[in-house]
2 protein chains.
Amino acid sequence: MSSMNKPNKPITIKEIARKLRISPSTVSRALNDHPSIGLVTTMRVKKLAEELNYEPNQTAIFFKQRKTFTLGVILPKLSEPFFASAISAIEEVAGEKKFTVLLGQSLDNPERELNIINSFRTHRVDGILMSLGKNTTNLDFIERLRKYEIPIVFFDCVPEGVDDVPKVYCDLSTGIQEAVQAFAERGHKQIALINGPETLKASGERTLSFKKALLDNGLNFDDKYVVYSDLTEESNYQAMEKLRDLADRPSAILAFNDYVTFDIIRYAKEKGIYLGHDIQVISFANYSLWKYMDNPPLASIEQYPAEQGAKAASILLELLDNKDSEEIIQDHIFASKLVYQ
Amino acid sequence: MSSMNKPNKPITIKEIARKLRISPSTVSRALNDHPSIGLVTTMRVKKLAEELNYEPNQTAIFFKQRKTFTLGVILPKLSEPFFASAISAIEEVAGEKKFTVLLGQSLDNPERELNIINSFRTHRVDGILMSLGKNTTNLDFIERLRKYEIPIVFFDCVPEGVDDVPKVYCDLSTGIQEAVQAFAERGHKQIALINGPETLKASGERTLSFKKALLDNGLNFDDKYVVYSDLTEESNYQAMEKLRDLADRPSAILAFNDYVTFDIIRYAKEKGIYLGHDIQVISFANYSLWKYMDNPPLASIEQYPAEQGAKAASILLELLDNKDSEEIIQDHIFASKLVYQ
DNA sequence: TTGTAGGCGTTATCAT
DNA sequence: ATGATAACGCCTACAA
């Protein structure tokens with residue numbers, strides 16, 4: 001190894017050209033396997049490039065080609081297992097197509113969301129994948145991105161009332177149907193739903209699916225058995241209290257997510273309720289390591305975060321490949337599914 | 001809203017200049033608040049820029065300035081809660097300094113690691129944060145990155161025997177010390193360690209710390225009580241079997257991580273061992289939701305992934321700010337700590 | 001088959 | 001206080 005370690009300006013096409021006494025364009029073409037360049041020249045160029053450890057300057061190429069081979073991903077929180085596995089899948093799919101992933105977490109803060117989008121725009125990402133935060137109401141940025149011709153694909157938490165943008169999400173009704181059926185088959189008559197915040201449209205849909213599922217399984221639907229929680233521990237406890245106060249206590253609970261179930265478990269412990277016996281629970285999965293628990297829920301409703309992420313990513317990539325594929329602009333819906341641990 | 005939506009070429013400095021009949025350089029300077037530009041001109045420029053929705057073309061700026069305001073982060077797996085919370089913190093720290101984060105997961109595959117590094121290099125990231133995969137032995141890339149003048153900061157799983165590169169990691173010995181002490185105070189004499197693969201240097205260090213901790217607490221150290229596992233379920237079970245086969249069975253176990261503890265829990269369940277009574281467990285934390293479990297471990301050894309990530313990120317940012325800060329090139333060590341759930 | 005020249009958008013240097 | 005010019009590294013008509 002030589003001791004002469006110069007500051008080492010990166011090798012450029014020009015230098016290769018100079019050393020070879022040919023023109024930079026020839027080098028460029030040779031490097032890109034342009035058919036019009038002679039085989040010998042091509043070889044000579046490639047050999048020298050190899051020797052000199054030539055690396056194309058992507059920033060120059062990005063600049064010139066107006067393309068960055070970069071996808072921006074915006075999601076509420078990376079440390080949520082649900083999103084961690086989504087982004088993990090996204091990164092893999094993108095990587096296969098030589099795209100890299102730029103990251104931004106909104107922390108459910110609409111302002112942060114906009115900042116991230118701006119930052120992505122200035123970074124000239126080729127496209128954006130996004131799962132909306134819970135508090136996002138203003139969707140103007142979609143229109144703005146369209147002006148900039150930056151395609152966006154939503155997944156998981158997708159916008160309502162916007163139908164000219166691709167969306168990937170999970171249809172909860174199938175899972176709810178299966179869950180209620182599972183309860184019904186086990187003889188449960190009073191089934192409760194601990195839902196998310198009442199203000200969220202998604203919560204309303206959940207309730208509807210729940211109602212339908214009950215009726216489909218020959219059970220009655222009663223408002224009382226649907227309680228709303230803002231997903232804090234207190235709120236979850238209050239929800240449980242409400243259910244306990246009912247004259248006819250439910251023997252089965254469908255919980256908004258695994259965190260809610262965790263609180264149910266604690267609550268049950270404190271009150272001496274025997275979970276899985278006095279009360280059975282099914283929750284929408286987002287954390288599941290149930291197989292290690294003593295009184296796990298009966299089952300979980302799987303929402304396929306990795307699959308959603310992967311699908312969204314490949315839709316976006318396809319969109320970038322083929323700008324005009326209007327057919328892609330539609331909903332891609334995964335059926336949620338009841339899974340036993 | 002007008003119906004005239006042209007393809008909408010992005011506005012450039014040149015156009016603003018043309019419309020204002022001034023030179024592009026003046027526009028550039030005005031936009032950047034250069035002191036030599038008159039106040040009126042500056043205002044006029046900014047006003048028009050605003051009106052036209054001018055957005056500087058970052059790819060051009062990146063290209064020109066040889067800086068991308070991008071950090072590359074390489075870690076084994078994003079969906080590991082440990083790394084998810086690390087990257088989450090990294091993104092926040094980077095964001096504060098207007099840096100974005102480029103993502104790559106190695107899946108513990110050295111080849112993937114190198115590909116990601118290459119990809120980062122072509123993307124001209126300003127610096128790299130990395131947690132090594134378990135199987136990485138060849139560290140030549142460090143030297144290569146140095147040639148390219150791309151600084152790298154390691155965190156969590158850091159390279160051995162490379163001392164001219166910043167490293168952030170957690171000193172396990174403090175946590176081990178506290179754990180053993182906690183066991184000792186509860187009267188345990190036979191304490192076992194379920195360690196990681198015997199081939200890993202880190203495993204050796206763990207054993208050493210464990211030994212020291214035992215001696216410091218007036219207990220004997222005996223090889224028999226250290227068993228190695230490759231962290232598969234079978235291997236964890238075998239480790240437990242080995243411990244059960246001992247004449248003098250351990251009453252306390254220090255487990256490599258929470259996954260191992262999960263397997264211990266299952267094993268105990270199967271064998272009718274009452275966890276927390278017949279045997280007490282402490283594990284290195286990486287998944288903890290123990291407060292919801294019935295027989296949780298006595299405590300966990302916290303390794304502060306978020307803090308490690310944040311620290312590594314700010315070191316890297318400082319390094320980028322101030323190329324010559326040699327003092328930064330040293331180990332930044334967090335003390336692991338025993339925490340009760 | 002290869003070379004020349006111009007341009008991508010921005011900024012820095014030198015002039016005016 | 002402002003303008004002209006060149007340069008960053010690469011690509012691509014167009015010319016030869």
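Here is how names work: the chains are called A, B, and so on, in the same order as the sequence lines, proteins then strands, and each is numbered from 1. If you're wondering where the values come from, they're calculated on a predicted model, not measured in any experiment.
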- prompt: Is there a side chain to side chain contact (heavy atoms under 4.5 Å, CB included) between V168(A) and F334(A) once you walk through the steps?
  reply: CA-CA 8 Å; V168(A) 178; F334(A) 286 82; 3.7 Å; yes
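- L319(B) approaches P166(B) most closely through the heavy-atom pair CD2-CG, 4.0 Å.
- Between the side chain of N135(B) and the main chain of N109(B), no donor-acceptor pair closer than 3.5 Å is present.
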Test log, rule side chain to side chain contact (heavy atoms under 4.5 Å, CB included), inputs L31(B) and I13(B): CA-CA 9 Å; L31(B) 254 16; I13(B) 271 187; 4.2 Å; yes
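- Of the residues in residues 12-27 of chain A, those lying under 4.0 Å from DNA chain C by heavy-atom distance are I22(A), S23(A), S25(A), T26(A).
- Less than 4.0 Å separates DNA chain D from at least one heavy atom of each of the following residues of residues 52-70 of chain B: F63(B), K64(B), R66(B).
- Of the possible donor and acceptor atoms, one in the side chain of S314(A) sits under 3.5 Å from a partner among the backbone N and O of A310(A).
- Atom CG of D33(B) and atom C1' of dT11(C) are 15 Å apart (whole Å).
- For the pair D321(B) (side chain) and L317(B) (backbone), a donor-acceptor distance under 3.5 Å is absent.
- Within the model, atoms CG of N115(A) and CD1 of I74(A) stand 10.5 Å from one another, a figure rounded to the nearest 0.5 Å.
- Counting heavy-atom neighbours within 6.0 Å of K134(B) NZ, excluding the residue itself, gives a total of 12 or less.
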Could you list all N or O pairs between the protein and nucleotides 14-16 of chain D that sit under 3.5 Å apart?
none

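- Comparing R124(B) and T42(B), the nucleotide of DNA chain D nearest to each residue sits closer to the 5' end for T42(B).
- Between S28(A) and dC10(D) there is no side-chain N or O to OP1 or OP2 distance below 4.0 Å.
- In this structure, F62(B) has its ring center under 6.0 Å from that of H123(A).
- Atom CD1 of I11(A) is separated from atom P of dG9(D) by 11 Å (rounded to the nearest Å).
- Note that CG of N57(A) is 11.5 Å distant from CZ of F63(A), once rounded to the nearest 0.5 Å.
- The distance from atom CG of N32(B) to atom C1' of dA12(C) is 12 Å, rounded to the nearest whole Å.
- For the atom pair CD of Q58(B) and NZ of K67(B), the computed distance is 11.5 Å after rounding to the nearest 0.5 Å.
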